[in-house]
Amino acid sequence: MRALRGMYQLKEGQIAYILHRVTGVAVILFLFVHLVENFFLLMGPAAYNAAIGIYDHWWFRLGEFALIAAVVYHSLNGLRIITIDFWQRSTKYHKQMWYAVMALSVVTCAFVAYRMLWLYPGWPWMAHASAGVAP
Amino acid sequence: MNTETIHQTVTLRVARHNPEAGETKPHWETYTLTEVNPMDRVLDLLLRVKGEQSGSLAFRKSCAHGICGSDAMQINGRNRLACKTLVRELGNGPITVEPLKGLAVKKDLIVDMDPFFESYKSVMPYQVTTHEPSGRERLQSPEQHAKIDDQSKCIMCAACTTSCPSFWANDQFVGPAAVVQASRFLFDSRDEGNKERLEVLNDYTGVWRCRTVFNCVEACPQGIDITKHIGNVKKAILYGTTDFVPDESHAGHDHPH
């Protein structure tokens with residue numbers, strides 16, 4: 001049997017890999033949602049507008065923010081992996097590079113959060129909250 | 001060193017498993033050892049358990065000096081050699097010892113190394129030549145040797161391969177140890193077997209399964225910069241030649257000890 005017993009110690013490299021996988025799967029799952037939504041174009045403007053309407057819900061706004069966060073991390077860490085593959089001297093600095101990836105991701109996401117979440121007028125606790133008020 | 005050594009009591013948790021006795025899964029056994037010297041190695045603790053408390057405890061060891069590569073195991077959640085790990089490195093909590101992950105457990109801390117050595121054999125870890133040497137020997141300059149110096153330090157303990165998530169997911173993956181061994185011959189100026197070797201490494205179960213997780217580098221008791229060598233092998237496949245200058249090897253300096 002190949003039982004995996006106690007947890008193996010999580011270090012920077014493995015955390016980076018797990019996040020890379022999770023964000024990669026998240027992005028590709030959104031791609032399916034996006035394809036389905038685009039498919040409604042074939043069924044005329046009314047059908048498409050109804051389908052795209054779900055983008056106006058506040059919970060979809062949260063999901064879109066998560067999507068951008070996933071794309072940002074996956075892209076930056078992807079550049080880190082390319083660097084490691086092509087410039088072998090960088091293997092000694094893979095941890096520092098990952099911290100840089102995390103810092104850049106947080107800064108980028110903070111900016112995106114301000115634009116997408118802070119300025120968003122459609123939250124359920126807001127008096128005029130209703131579908132279709134995205135800025 | 002201080003002769004008045006402070007002795008301590010250590011709790012040792014060992015994952016024990018005996019499939020031959022009909023056990024279906026491993027279980028934890030806890031042993032308390034008194035008068036442990038902080039400079040004792042985990043191997044010393046295991047030998048004491050076997051001698052004083054449980055004679056049936058099974059583990060591999062041979063030279064006990066960190067060069068035969070027999071006693072790699074997972075100690076406190078990380079692969080290390082029991083003979084190179086001192087008690088004082090492990091803090092004050094209980095010490096947890098488990099067999100290497102990703103290989104079948106034969107008994108207690110002994111795993112079936114066959115898949116590991118099959119991968120090793122698959123990369124042709126021997127010199128391939130097509131012609132007789134021009135003199136009596138096949139000579140190599142120090143600069144040429146520097147390209148394979150780091151890889152030559154491998155002791156085949158399997159600590160790297162069994163720390164690799166890609167290997168846990170698929171034991172057909174050749175694994176970091178086999179790639180290091182392949183690299184040792186790929187970048188050897190005397191070797192001529194690169195075409196076949198690179199074909200094996202370019203396979204579905206070859207070097208591309210590396211996800212640059214760096215667990216292997218953390219685990220290697222010899223301090224080999226494994227991910228760097230994997231990167232050089234990836235480049236060799238991409239360029240179709242090992243005739244590029246691989247990024248500098250340790251070349252006799254910068255040893256990690």
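Reminder, nothing fancy here: chain letters follow the sequence lines and each chain counts from 1.
- For a residue to count as touching a neighbouring chain, one of its non-hydrogen atoms must lie under 4.5 Å from one of that chain's; by this rule B/Leu238 touches chain A with the side chain only.
- Between the side chain of A/Tyr8 and the main chain of B/Asn79, a donor-acceptor pair closer than 3.5 Å is present.
- Closest of all the heavy-atom pairs between B/Pro165 and A/Gln14 is CG-NE2, 3.9 Å.
- The structure places CE of A/Met7 at 11.5 Å from CD of B/Glu98, a figure rounded to the nearest 0.5 Å.
- Interface check for chain B: of the options A/His94, A/Gln9, A/Lys95, A/Glu12, the most heavy-atom pairs under 4.5 Å are formed by A/His94.
- Using a 4.5 Å cut-off between heavy atoms, B/Thr96 makes no contact with chain A at all.
- Around CG of B/Asn92, the count of heavy atoms belonging to other residues, nucleotides or ligands within 6.0 Å does not exceed 12.
- Between the CG atom of B/Asn215 and the NZ atom of A/Lys11 there is a distance of 10.0 Å, given to the nearest 0.5 Å.
- If you take CG on A/Asp85 and SG on B/Cys210, they are separated by 7.0 Å, rounding to the nearest 0.5 Å.
- For the atom pair OG1 of A/Thr91 and CZ of B/Phe214, the computed distance is 5.5 Å after rounding to the nearest 0.5 Å.
- Looking at B/Lys235, its side chain does come within 3.5 Å of a backbone N or O of A/Phe86 through a donor-acceptor pair.
- Two residues are said to be in side-chain contact when any heavy atoms from C-beta on lie closer than 4.5 Å; B/Arg211 and A/His20 fail this criterion.
- Within the 4.5 angstrom heavy-atom criterion, no atom of B/Asp112 approaches chain A.
- Atom-to-atom distance recorded for B/Thr212:OG1 and A/Arg80:CZ is 6.0 Å, nearest 0.5 angstrom.
- When the shell of 6.0 Å around CH2 of A/Trp59 is examined, it contains more than 12 heavy atoms from other residues, nucleotides or ligands.
- Enclosure of atom CG in A/Leu42 by more than 12 non-hydrogen atoms of other residues, nucleotides or ligands within 6.0 angstrom is indicated.
- Summarising the local packing, CZ of B/Phe117 is surrounded by more than 12 heavy atoms from other residues, nucleotides or ligands at distances under 6.0 Å.
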